[in-house]
Amino acid sequence: PQPSVHSEQGRVVARLPTGDSVEILLYGATVISWKSNGKENLWVSKAAKLDGSKPVRGGVPIVFPCFGPPPKNHATSSLPQHGFARSSHWEYLGSSSSESGSLARGGDDSIKLDFGLSHAQLSEDAKKQWPYAFGLVYSVTLGGKERTLQTMLRVSNQGKESWEFQMLLHSYFGVDDITRCQINGLGSSTYIDKVLDASQHTQSTPSIAITGEVDRVYTSIKQDTTSIVENGKPRLDIQRDRLVDSVVWNPWIEKAKGMSDFEPKDGYKNMVCVEVGAVDGWQRLEPGETWEGGQIVRSHL
Ligand code: BG6
């Protein structure tokens, strides 16, 4: 059997002969499912809007060109929180499998899907809010051999003036029980604690337990891999590629209650966001320049 790809009704689904699969919504180029060994690795809210009316609450939304509410007095200041990439309609550019060669990563059986977004495809609002000539290519590679999902974002400046951006792959990972999980690989890094006081702290312990609301922006991380360990066993390894920042987020009880698209309300027990990106300061791109960054996630199931 060969890897297969189906594209219909605004979605692209790829399946490997092993049965592992990935599903991407063209709205936001949001990965909404990644299954390995029959088990879902991502968390998607039961109330997530999948009809293009709102960014998806779950999966892997793409944050670009600003992270969080944009600062005042910056070129992104009129954009919504987390920018427009997660709420734009992307184009499916096609697939390549190991048979056709030219693969990024992933082992023998793997399939790569490419998605594109450029200025011309934006809504009229977004075009006005951020009037720069940009090109994004998002490549999602499902690897069978090592049960990996690689997601890479390539950003290029196709205009005549330079501009700045931030980016983040806002992955919601699924876990059986958050109280039995630890997040490893962030020890000694500095972070801004958005829940506490927005001040800077240093991660003093090698692993983090999630026992309440967490919203931390780790920057300039020394280790390249952050791991989710459940019941003392490795569950997911999230390896950064050309990225040094990560956000760890769990809304816990009260914040989950406040989000209309977060269901079930106790779903915070079954997810944790470990988001890789470039969110500390800004990446500047000169005309004609290209930048690339992303992640390789390995499932231990
Ligand atoms: C995280 C931020 O990346 O995204 C949080 O650090 C934020 O502060 C969360 O609440 C979700 O954002 P949104 O816009 O999808 O509700």
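Hydrogens, waters and symmetry mates play no part in the numbers below; they use all other heavy atoms, side chains included. Computed from a predicted model, the values in this text were never measured in an experiment. Note that ligands are numbered from 1 as they come in the structure, with each ligand's atoms numbered from 1 the same way.
- Taking the ring centroids of Phe173 and Trp34, they lie at or beyond the 6.0 Å cut-off.
- Proximity to Glu275 (heavy-atom distance under 4.0 Å) selects the following atoms of ligand 1: 1 (C), 3 (O).
- Per-residue contacts place Val247 under 4.0 angstrom from the following atoms of ligand 1 (heavy atoms of the residue considered): 3 (O), 6 (O).
- Within the 3.5 Å criterion, the main-chain N or O of Ser207 finds a donor-acceptor partner in the side chain of Thr205.
- On a distance-only criterion, His82 and ligand 1 share at least one N/O pair closer than 3.5 Å.
- Inter-residue side-chain proximity for Ser87 and Tyr27 is flagged as met; some heavy-atom pair is nearer than 4.5 Å.
- Contacts with ligand 1 closer than 4.0 Å are made by no heavy atom of Met259, backbone or side chain.
- Interface of Asp215 with ligand 1, defined as ligand atoms under 4.0 Å from a residue heavy atom, comprises 2 (C), 5 (C), 6 (O), 8 (O).
- Of all atoms in ligand 1, numbered sequentially from 1 with element shown, those under 4.0 Å from a heavy atom of Lys194 are 2 (C), 6 (O), 8 (O).
- Inspection of the Gln150 and Ser139 side chains reveals no N or O donor paired with an N or O acceptor under 3.5 Å.
- Here Arg180 does not pair with Glu230 in a salt bridge; the nearest charged N to carboxylate O distance is not below 4.0 Å.
- Distances shorter than 4.0 angstrom occur between a heavy atom of Arg57 and an atom of ligand 1.
- Side-chain atoms of Asp177 do not come within 3.5 Å of backbone N or O of Cys181 as any donor-acceptor pair.
- No side-chain donor-acceptor contact under 3.5 Å links Gln239 and Thr148.
- Ligand 1 lies out of reach of Lys255, whose nearest heavy atom is not under 4.0 Å from it.
- With distances taken over non-hydrogen atoms, the option nearest atom 15 (O) of ligand 1 out of Arg216, Gln81, Arg86, Lys54 is Arg86.
- Every atom of ligand 1 with a heavy atom of His170 under 4.0 Å away is listed here by number and element: 1 (C), 3 (O), 4 (O), 9 (C), 11 (C).
- Heavy-atom proximity to atom 7 (C) of ligand 1, evaluated over Phe67, Phe262, Trp249, is greatest for Trp249.
- For the salt bridge (Lys or Arg N to Asp or Glu O under 4.0 Å) criterion with Glu23, the lone passing option out of Arg15, Arg11, Lys35 is Arg11.
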